[in-house]
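Counting begins at 1 with the first residue of the sequence.
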Amino acid sequence: MLQMVEVGDGLGVTRRKVALADLTARHPGRDIGSLVARLAAARLVTLDAESVEPAHEALLRDWPRLRQWIDEARGDLRFQRMLSAASAEWACRARDPADLFRGSKLATAVDWLGAHADHVSALEVEFIEASRRLERDELFAAHRTTRRLRGLVSGLAVLV
């Protein structure tokens with residue numbers, strides 16, 4: 001249900017249509033189809049051939065347990081939407097390294113991935129791993145440049 005919720009900057013919450021393929025990709029090994037069918041039978045969600053969404057905004061406001069889940073996961077939901085958008089943009093732009101996370105944003109993503117690995121799509125994992133590789137490669141290149149400069153300075157010091 002939390003995947004079908006869009007949290008705003010304040011306390012606002014709205015319904016979000018989610019592709020069934022995306023739910024299945026985020027929860028491998030789970031029978032998402034039968035779960036969604038049970039929710040649809042209980043009239044909690046509306047279902048079409050390719051997507052699912054909460055049946056009504058009132059569910060998000062008036063179902064106490066769902067409201068509690070949303071309140072507890074608000075920050076995680078925001079981060080996941082941001083990660084999902086960033087990884088989709090990266091994929092659309094032919095996996096351009098300029099779109100990858102770096103620095104504190106990457107550190108946050110790695111920590112978040114460790115705590116929420118069961119709610120992350122394969123593309124998002126690939127995006128984070130590509131970001132980690134890029135940061136590692138950039139760090140290695142910086143160390144190599146530093147070693148070269150130290151060698152150059154040492155050589156110049158000997159010549160002087």
- Atom CD1 of Ile70 and atom CD of Glu6: how far apart are they, to the nearest 0.5 Å? 11.0 Å
- Task: Could you check if a side-chain atom of Met82 sits within less than 4.5 angstrom of a side-chain atom of Leu77, using non-hydrogen atoms only?
- Result: no
- Can you list the steps and then say if Val125 with Glu129 is a side chain to side chain contact (heavy atoms under 4.5 Å, CB included)? CA-CA 6 Å; Val125 170; Glu129 291 305 317; 4.3 Å; yes
- For residues Ser87 and Glu126, determine if any side-chain heavy atom of one lies less than 4.5 Å from a side-chain heavy atom of the other. no
- Item | salt bridge (Lys or Arg N to Asp or Glu O under 4.0 Å) against Arg38, all qualifying residues, sequence neighbours excluded | none
- Would you call Glu135 and Arg132 a salt bridge, taking side-chain N to carboxylate O under 4.0 Å as the test? no
- CZ of Arg30 to CG of Leu23: how many Å apart, nearest 0.5 Å? 11.5 Å
- Which pair of heavy atoms, one from Leu60 and one from Val5, lies closest together, and at what distance? CD2-CG2, 3.8 Å
- Task: Quick one: do Asp62 and Arg67 satisfy side chain to side chain contact (heavy atoms under 4.5 Å, CB included)? Show the steps, please.
- Result: CA-CA 7 Å; Asp62 299 331; Arg67 190 72 198 171; over 6 Å; no
- Query: Cluster question for you: counting only ILVMFWY and a side-chain heavy-atom cut-off of under 4.5 Å, with indirect links fine, are Trp63 and Leu35 together?
  - Reply: yes
- Between Val18 and Gln3, the two heavy atoms sitting closest are CG2-O, 3.1 Å
- Message: Any non-hydrogen side-chain atom of Arg81 less than 4.5 Å from a side-chain atom of Ser84?
- Response: no
- Message: Measuring from atom OG of Ser34 to atom CG of Leu39, what distance do you get when rounded to the nearest 0.5 angstrom?
- Response: 9.5 Å
- Item | Enclosure of Glu50 CD (heavy-atom neighbours >12, cutoff 6.0 Å) | no
- Grab the two heavy atoms, one from Ala109 and one from Ile128, that are nearest each other, plus how far apart they are. O-CD1, 3.9 Å
- Message: Angle between ring planes, Trp112 versus Phe79, binned at 30° and 60°: parallel, tilted or perpendicular?
- Response: tilted
- Item | Heavy-atom side-chain proximity of Val36 to Leu47 below 4.5 angstrom | yes
- Query: So, does Ser51 use its side chain to make a donor-acceptor pair with the main chain of Ala19 at under 3.5 Å?
  - Reply: no
- Item | Euclidean distance, Thr108 OG1 relative to Leu83 CG, rounded to 0.5 Å | 11.0 Å
- Determine whether Arg15 and Glu57 make a side-chain contact, defined as any pair of heavy atoms from C-beta on separated by less than 4.5 Å. yes
- Value rounded to 0.5 Å, distance of CD in Glu53 from CG in Leu59: 11.0 Å
- Who are the salt bridge (Lys or Arg N to Asp or Glu O under 4.0 Å) partners of Glu72, not counting sequence neighbours? none
- Item | same_hphob_cluster(Leu100, Val120) at 4.5 Å side-chain heavy-atom cutoff | yes
- Message: Holding to salt bridge (Lys or Arg N to Asp or Glu O under 4.0 Å), I want the full list of residues that pass it with Arg93, two or more places apart in sequence or in another chain.
- Response: Glu89, Asp99
- Would you kindly confirm whether Leu123 and Leu134 end up in one hydrophobic cluster when ILVMFWY residues are joined by side chain heavy atoms under 4.5 Å apart? yes
- Query: Do Glu138 and Arg102 have side chains that get closer than 4.5 Å, going by heavy atoms?
  - Reply: yes
- Query: Do the side chain of Thr24 and the main chain of Leu20 share a donor and acceptor less than 3.5 angstrom apart?
  - Reply: yes
- Message: Using 0.5 Å steps for rounding, measure from the CZ atom of Arg144 to the CG atom of Leu149.
- Response: 12.0 Å
- Item | Side chain to side chain, Val45 and Met1, heavy atoms closer than 4.5 Å | yes
